[in-house]
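Some notes on the structure that comes next.
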Amino acid sequence: MDKKVTKIGVLTSGGDSPGMNAAIRAVVRTGIYFDLEVYGIMRGYAGMIDNDIIKMESRSVANIIQRGGTILKTGRCKEFFDAAGRKKAYENLKKHGINGLVIIGGDGSFRGAQVFSNEFDIPCIGVPGTIDKDIAGTDFTIGFDTAVNTAVEAIDKIRDTMDAHDRIFVIEVMGRDSGYIALHSGIATGAENILIPEKETDIEGILSALMEKERRQKLVNLIVVAEGKFGGANEVANAIKERLPQQEVRVCILGHIQRGGSPSCFDRLVASRMGFAAVECLLESRYNVFVGIVNNRMHYIPLNEAVKKKQRVSEDWMKIVKILSS
Ligand code: F6P
C-alpha cells in the first residue's frame, strides 16, 4: 500500500473505557495539524456499516479530555463479523474518501480491524482502549488506571464497614478473562485473597485458611475476585458460608461503575500519546499495527500478533499477594 493517507476515520469499539475521549481528541487534532481530513465514525463498526460518519473539526473535540464514555459512542457489532457487513462498511468509507482508520478498542475490535485490513486497501491502526488490560504488547491500556482507582476507592469504603462488623467480604471486579483489575486493586487494598482467571484457585486452601483465622479470632477478611473466575463472587461467598456458617459474609459486585467517570491524569496522558502516535503511523506508512507503550516508549505491534498473544500475570506479583496478606 503506497498511496498517501489523506482522510482518516476514527471510531471507538467494544466496551467503553475512561480516556477514550482523550484519545479521540488526540487523533482529531493531530490529523488536522498534519492537514488530514478527519471523520468520526459513530457506534463503532456499526457506524461504518450504516454510514453514520461525521466530519470532525478541532472544535468537535473541545471540552472532552476530562469526560468518561465516548462522544462517538461504542458497541460490539455482530454484522462486522460477516463479509457482507465489512464490504458495506468499506463502500461507505470509500464514499467519504476515507483511506486510513484508527480503531480505539480492545482485542475483539482489533480482531475485526485485522480481518478488514486484510480484505481491503484501507490501513488500520489500533489504539488499546479497555479497562481489562488484556492486550499483550503494551504496558498500559486506556482506562485501566481509572478503573483500578475506582475499584480501590470503593474497596477502601467497603473495608470500613467490613471492619466495623467483623465480616468477610467478597468483592467482584470486572475483567472478563483478565485478572489485572483484581490483582492491582486487590494488592492496593490489602486483600487477603485475590482470585483471577489466569491462576488456579485453591478454594480448599482459602477455606482452611479462613477457618484457621476464625480460630485465631481474625474475623475480617477481604477477598477480591475477577468476574470470570469461579462463578464470580456469589459462588465464592456461598462456599465460605457453607463451611463457616457462623461467619457473616457479604458480597459486593462493583460492576459498571468501574467503566465510568472522569479519566485519571495517567489515562489522559496515555490516550493523548497513543492517539498522536496512531496518526503518525498512518502518515509514516506504518500500517496495520497497534500502538502500545513499553518501558515508557511507543511500541508498535502488527495487528495479527496483537490478537494472538495474551498478557501474562507475573509470578512475582502472585508472590507479593501471598506474602503481604499473611
Ligand atoms: O471489556 C470490558 C468489560 O467491562 C469487561 O470487563 C466486562 O466483562 C465486559 O466489558 C462487560 O460488558 P458489557 O458492558 O457489554 O456488559
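As a basis for the values below, the full set of heavy atoms in this structure was taken, side chains included, without hydrogen atoms, waters or symmetry mates. Residues: numbered from 1 along the sequence shown. Atoms within a ligand are numbered from 1 in the order they appear, just like the ligands themselves. Predicted model, so just to flag it, every value in this text is computed and none were measured.
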Could you please spell out the steps behind the side-chain contact (heavy atoms from CB on, under 4.5 Å) verdict for K213 and E192?
CA-CA 11 Å; K213 282 177 184 165; E192 268 79 10; 3.5 Å; yes
Should you measure from each heavy atom of G175, which atoms of ligand 1 turn up under 4.0 Å away?
6 (O)
Considering the heavy atoms of E227, write down every atom of ligand 1 situated less than 4.0 Å from one of them.
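Taking each heavy atom of E227 in turn, ligand 1 has 5 (C), 6 (O), 7 (C), 8 (O) under 4.0 Å.
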Answer yes or no: are there more than 12 heavy-atom neighbours, outside E200 itself, under 6.0 Å from its atom CD?
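Check fails, neighbour count at 12 or below.
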Path from I49 to Y90 over hydrophobic side-chain contacts below 4.5 Å:
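Result: yes, single cluster for both.
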Shortest protein heavy-atom distance from atom 10 (O) of ligand 1, along with the residue and atom involved:
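Of the protein heavy atoms, R259 NH1, 3.1 Å lies nearest.
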Which residue and non-hydrogen atom of the protein lie closest to atom 6 (O) of ligand 1, and at what distance in Å?
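Checking every protein heavy atom, the shortest distance to atom 6 (O) of ligand 1 gives D132 OD1, 2.7 Å.
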Stepwise, does the side-chain contact (heavy atoms from CB on, under 4.5 Å) test hold for I142 with T130?
CA-CA 6 Å; I142 298 165; T130 164; over 6 Å; no
Does at least one non-hydrogen atom of G106 fall below 4.0 angstrom from an atom of ligand 1?
no
Do any heavy atoms of H256 fall under 4.0 Å from ligand 1?
yes
Taking every heavy atom of S109 against every heavy atom of G14, the minimum-distance pair comes out as OG-N, 3.8 Å
Applying ring pair (Phe, Tyr, Trp, His ring centres under 6.0 Å), which residue pairs with at least one partner in residues 131-161 are found, sequence neighbours left out?
F140-F266, F144-H184
At a non-hydrogen distance cut-off of under 4.0 Å, which region of R76 contacts ligand 1 (side chain, backbone, both, or neither)?
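Just the side chain.
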